[in-house]
Enquirer: 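First the structure, which I've put down as structure tokens, then a few questions once you've had a look.
Computed from a prediction, not measured in an experiment: that's the story for all the values here. Letters A, B, ... are given to chains in the order of the sequence lines, protein chains preceding strands, and every chain is numbered from 1.
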Amino acid sequence: MNLKQLLDDKVTAAMTAAGVPDAQAVVKQAQRLEFGHYQVNGIMAAAKKQKTNPRELAEKVLVQLGDDVNLCLEVAGPGFINITLTPAFLAHTLQKLQPSERLGIDEEPGKVIVVDYSAPNLAKEMHIGHLRSTTIGDAAVRILEFLGHQVVRANHVGDWGAQFGSLLAYMDQLEKQGEKPSSELKDLEKFYQSASALFRTDETFAKKARNFVVKLQSGDEKCLALWKEFIAESTRHCQAVYDQLNITLTTDDIMAESAYNDDLPKVVEELKQRDLLVESDGAQCVFLDEFKGKDDKPLPAIVQKSDGGYPYMATDLAAVRYRTNSLNAHEVLYFVGTQQLLHLSQVFAVATAAGYISKEQRFRHLPFGWVLKTDGTPFKTRDGADVKLIDVLNEAVDRAYKLVEEKNPDLSPEDKKNIARVVGIGAIKYAELSKNRITDYIFDWDTMLSFEGNTAPYLQYAYTRIRSIFRRENISSRDISGEFHLTDEAEIRLAVKLLQFSEAIDGVIEDYQANVLCNYLFGLAGTFMTFYEVCPVLKASEPHRTSRLLLCDLTARTLHRGLNLLGIETVEQM
RNA sequence: GCGCCCGUAGCUCAAUCGGAUAGAGCAUCGGCCUUCUAAGCCGAGGGUUACAGGUUCGAUUCCUGUCGGGCGUACCA
């Protein structure tokens with residue numbers, strides 16, 4: 001149930017009845033309190049087209065809308081219609097919403113949607129740069145699944161590139177020296193750096209490394225065994241991060257680059273059959289008119305390199321082919337950084353030309369910016385190394401623990417630990433999700449862990465305040481029944497907010513901007529906090545007490561569900 | 001050079017296919033805990049929306065140009 005949509009349909013119909021062709025009501029949530037709850041913005045544009053006076057047209061539309069006891073309608077300004085929902089209508093609508101497990105969110109006919117996200121390079125440990133794709137992608141996955149879609153999580157990890165030569169050569173060397181690589185592998189990042197350093201300084205080692213790449217890709221057994229050992233260890237590292245971050249990805253969702261290995265020659269062959277391939281400087285390329293490089297020269301999509309190797313264009317095309325042909329995806333979402341914009345538009349264009357993508361299948365790149373430090377430079381350590389994601393997560397939990405101890409020293413150590421985990425991790429994820437996806441994002445401990453303002457802890461705290469009310473009287477949320485009676489302004493404002501949850505969800509899905517949901521939840525929590533200050537619940541007389549308990553319960557469930565869809569947990573007290 | 005993205009309060013960010021007086025938080029200042037958790041609430045100050053034009057009844061939003069920043073621009077991913 002989407003109130004805005006209902007009103008839009010109603011007003012649009014009234015406009016049509018008033019003689020407006022192709023009527024569009026354009027109903028929005030009102031931007032100011034004095035304008036009511038919703039406003040109709042479409043009258044003025046329609047009047048313009050018809051060359052009539054907008055206020056007069058608005059009046060005509062009002063007549064068509066007729067008497068509706070649920071709505072107060074008013075023509076305002078240059079030709080808006082302001083809509084105020086009556087307390088009785090709000091109470092009635094909440095009454096219907098109250099028992100709903102889904103909080104008024106309709107289930108959609110399920111589509112198969114592949115979500116490509118996280119995708120770390122297994123040669124190294126996950127670093128701060130993976131935070132965005134992983135959290136945003138996982139939120140999208142959770143929301144789409146809640147809406148009833150059949151979501152395929154696709155973790156397109158990098159496990160097949162040239163850098164694995166050095167790593168395998170290094171493992172091999174350690175083994176020959178009688179050492180167990182497994183203990184060295186515990187710090188993957190150090191391992192990677194040691195191997196890379198050898199590659200740069202030791203010519204014999206470098207030769208061996210290159211040799212290992214060739215052996216690996218040609219299926220040498222010993223080499224594959226080493227590789228598998230390495231990948232297994234690296235995968236464990238990733239999973240530890242996902243678990244700590246409360247990400248729904250598991251090892252089953254890994255569809256690695258190497259998995260497409262056998263498909264790569266087929267892709268090249270199919271492109272050739274479609275007459276798309278051109279050899280240029282020894283490389284197999286697809287040239288499409290819309291892609292231009294420097295000096296307006298045609299820009300190729302290189303599918304096979306002059307040395308016979310396959311670049312990631314080939315792998316990505318194979319992935320498209322698999323997702324459409326085998327997974328029968330209706331929609332595929334790529335949560336991949338903005339720097340891949342050209343690459344992915346080439347992938348989609350070539351795949352379309354090759355017939356891998358049909359007209360009904362929708363491929364979308366949902367790009368995002370960089371994670372920066374407070375001084376605006378890339379988020380790296382002093383010596384320019386990537387910051388390990390696991391270290392960042394641990395620091396968040398440590399910081400949160402100190403805060404819990406400060407604010408609520410009487411809690412048990414186990415409770416404190418759990419709260420620190422939920423709050424610390426929530427803070428990191430929310431800081432990320434609550435900002436615009438496209439722009440760069442400044443990672444600032446002080447902002448996200450000050451735990452004030454538009455942060456996860458603020459929302460989590462609002463939730464605990466509600467739970468505390470129920471705990472105090474030992475009431476379960478299931479126990480309360482009765483009717484909504486909305487009299488106080490704070491109650492009415494909370495009621496309207498609660499009814500707008502599905503509008504927020506719809507808003508996120510339009511462009512996968514999770515911050516739309518964050519903004520909604522922050523608004524809901526703020527509205528609740530005000531209500532909490534001015535409307536006593538337990539001490540109120542009936543029927544207000546029951547009505548307020550119902551409002552509290554619905555708010556708690558909405559906050560819980562909303563945070564859950566963002567991949568953020570709640571606690572009962574903090 | 002060309003292409004894409006970005007530029008909003010001191011800082012971090014909002015602003016729902018163009019809507020009414022551009023909103024929050026942080027920081028600053030002033031109030032509120034014998035009353036359901038003060039990680040809270042209420043209030044004040046703070047803006048030429050980078051700049052210049054244009055379209056429109058109406059522009060942070062659309063168009064053109066300028067400046068500033070980021071990314072990309074043939075065999076790394």
Side-chain angles (χ1 to χ4, degrees), chain A residues 4 24 26 28-32 34-35 39 41-42 44-45 47-48 54 76-80 82 119 121 158 161-163 257 280-285 291-307 309 311-313 315-316 337-343 345 367 369-370 374 376 403-404 406-408 423 431 434-436 438-442 444 446-448 450-455 457-458 460-462 464-473 503-504 506-507 510 513 515-516 518-519 522-523 526 529-530 532-534 536-540 548 552 573-574:
Chain A
K4 187 173 83 173
Q24 280 186 300
V26 195
K28 304 280 178 194
Q29 291 176 18
Q31 305 220 334
R32 311 171 78 82
E34 67 209 76
F35 300 149
Q39 60 184 58
N41 289 347
M44 288 163 292
K48 179 83 183 165
F80 297 97
N82 293 339
N121 180 351
Q163 66 271 52
E257 285 180 340
S280 173
D281 292 342
Q284 297 299 320
C285 305
F291 298 106
K292 297 271 204 275
K294 283 174 190 162
D295 303 322
D296 246 15
K297 279 193 283 194
L299 183 72
I302 299 178
V303 195
Q304 189 171 22
K305 299 191 284 182
S306 50
D307 67 2
Y312 77 147
M313 177 62 67
T315 317
D316 282 345
T338 179
Q339 66 270 35
Q340 298 296 342
L341 205 110
L342 175 62
H343 168 69
S345 58
W370 301 97
T374 45
L403 246 127
V404 181
E406 202 178 290
K407 304 272 184 193
N408 217 339
V423 168
S434 60
K435 285 168 187 85
N436 187 304
I438 307 286
T439 49
D440 293 343
Y441 145 63
I442 293 182
D444 182 7
D446 292 336
T447 316
M448 75 178 80
S450 72
F451 301 151
E452 282 165 10
N454 190 3
T455 61
Y458 177 84
Q460 290 165 327
Y461 178 62
T464 63
R465 285 184 117 179
I466 303 173
R467 299 301 305 149
S468 169
I469 294 173
F470 287 84
R471 194 167 51 245
R472 174 169 282 259
E473 298 270 305
E503 291 170 37
D506 289 349
E510 272 176 31
Q513 288 279 18
N515 71 327
V516 173
C518 294
N519 291 345
F522 181 57
M529 291 289 200
T530 304
Y532 182 90
E533 299 285 336
V534 300
V537 177
L538 296 172
K539 285 179 184 151
R548 286 175 184 175
C552 284
Q573 20 179 347
M574 59 191 272

Enquirer: Check whether any side-chain N or O of R472(A) sits under 4.0 Å from OP1 or OP2 of U37(B), and answer yes or no.
Expert: yes
Enquirer: RNA chain B in dot-bracket, Watson-Crick or G-U pairs under 3.5 Å, [ ] crossing, | other strand?
Expert: (((((((..((((.....[...)))).(((((.......))))).....(((((..]....))))))))))))....
Enquirer: Rounding to an integer number of Å, can you tell me how far M529(A) CE sits from C36(B) C1'?
Expert: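 These atoms are roughly 13 Å apart.
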Enquirer: Do nucleotides 25-30 of chain B as a string where each nucleotide becomes B, S or -: B if the base has a protein heavy atom under 4.0 Å, S if just the sugar-phosphate does, - if no protein is that close.
Expert: SS----
Enquirer: Once you round to the nearest 0.5 Å, how far does CG of N515(A) lie from NZ of K435(A)?
Expert: 10.0 Å
Enquirer: Distance check needed: C41(B) C1' versus I466(A) CD1, whole Å only.
Expert: 15 Å
Enquirer: Is there a ring-ring contact (aromatic ring centres under 6.0 Å, His included) between Y458(A) and F522(A)? Walk through the geometry before answering.
Expert: CA-CA 8 Å; Y458(A) 177 84; F522(A) 181 57; 5.3 Å; yes
Enquirer: Could you tell me whether D444(A) contacts a base, only the sugar-phosphate backbone, or nothing, with contacts defined as non-hydrogen atoms closer than 4.0 Å?
Expert: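 Touches nothing.
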Enquirer: With Y312(A), which residues qualify under ring-ring contact (aromatic ring centres under 6.0 Å, His included), at least two apart?
Expert: H343(A)
Enquirer: Please give, in whole Å, the distance from G1(B) P to D296(A) CG?
Expert: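 It is 14 Å, rounded to the nearest whole Å.
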Enquirer: G70(B) P sits how many Å from I438(A) CD1, rounded?
Expert: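 Between P of G70(B) and CD1 of I438(A): 19 Å.
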Enquirer: List in chain and number order the residues that pass salt bridge (Lys or Arg N to Asp or Glu O under 4.0 Å) with E533(A), two or more places apart in sequence or in another chain; answer none if no residue qualifies.
Expert: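 So E533(A) forms a salt bridge (Lys or Arg N to Asp or Glu O under 4.0 Å) with R465(A).
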Enquirer: So, is C33(B) syn or anti if syn means the angle is within 90° of 0?
Expert: syn
Enquirer: I'd like to check the ring-ring contact (aromatic ring centres under 6.0 Å, His included) partners of Y441(A); sequence neighbours left out, ordered by chain and number.
Expert: none
Enquirer: Rounding to a whole Å, what distance do you find between L341(A):CG and C2(B):P?
Expert: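 Rounded to whole Å, this separation is 19 Å.
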Enquirer: If the condition is side-chain hydrogen bond (donor to acceptor under 3.5 Å, both in side chains), which residues does E473(A) pass it with, not counting sequence neighbours?
Expert: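 Here the qualifying residues are R545(A).
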Enquirer: Give me the distance, rounded to whole Å, that separates A59(B) from U21(B) when you measure between the P atoms they each carry.
Expert: 10 Å
Enquirer: Could you walk me through whether Q31(A) and Q39(A) satisfy the side-chain hydrogen bond (donor to acceptor under 3.5 Å, both in side chains) test, starting with their C-alpha distance in whole Å, then the side-chain angles of each, then the deciding distance to 0.1 Å, before giving a yes or no?
Expert: CA-CA 8 Å; Q31(A) 305 220 334; Q39(A) 60 184 58; 5.7 Å; no
Enquirer: Base contacts versus sugar-phosphate-only contacts with protein, heavy atoms under 4.0 Å: please encode nucleotides 71-77 of chain B as B, S and - from 5' to 3'.
Expert: SSBBBSB
Enquirer: Can you sort out the partners of E34(A) under side-chain hydrogen bond (donor to acceptor under 3.5 Å, both in side chains), two or more places apart, ordered by chain and number?
Expert: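 Applying side-chain hydrogen bond (donor to acceptor under 3.5 Å, both in side chains) to E34(A) gives R32(A).
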Enquirer: Tell me, please, which residues at least two apart from F470(A) pass ring-ring contact (aromatic ring centres under 6.0 Å, His included).
Expert: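 With neighbours one apart ignored, the set is empty.
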Enquirer: Please report the distance separating the P of C11(B) from the corresponding atom of A20(B), rounded so that it comes out in whole Å.
Expert: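 Roughly 25 Å separates the two P atoms.
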Enquirer: For F291(A), check ring-ring contact (aromatic ring centres under 6.0 Å, His included) against everything at least two apart and list the hits.
Expert: none
Enquirer: Think Y458(A) has a side-chain N or O under 4.0 angstrom from the OP1 or OP2 of C41(B)?
Expert: yes
Enquirer: Heavy atoms under 4.0 Å is the rule here; annotate nucleotides 14-22 of chain B 5' to 3' with B where the base is hit, S where only the sugar-phosphate is, and - elsewhere.
Expert: S-BB-BBB-
Enquirer: Whole angstroms only, please: what is the OH-P distance between Y461(A) and C36(B)?
Expert: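 Taking atom P of C36(B) as the reference, OH of Y461(A) is at 11 Å.
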Enquirer: Could you state the atom-to-atom distance from CG of D440(A) to C1' of G69(B) in whole Å?
Expert: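 Between C1' of G69(B) and CG of D440(A): 9 Å.
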Enquirer: Can you measure Q513(A) atom CD to C6(B) atom P for me and round it to whole angstrom units?
Expert: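 Taking CD of Q513(A) and P of C6(B), I get 11 Å after rounding.
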Enquirer: Could you say whether P536(A) or T374(A) is positioned toward the 5' end of RNA chain B, judged by the nucleotide with the nearest heavy atom to each?
Expert: T374(A)
Enquirer: Reckon T530(A) touches a base, only the sugar-phosphate, or nothing at all at heavy-atom distances under 4.0 Å?
Expert: sugar-phosphate
Enquirer: Once side-chain hydrogen bond (donor to acceptor under 3.5 Å, both in side chains) is applied, do any residues pair with N408(A), and if so which ones, sequence neighbours excluded?
Expert: none
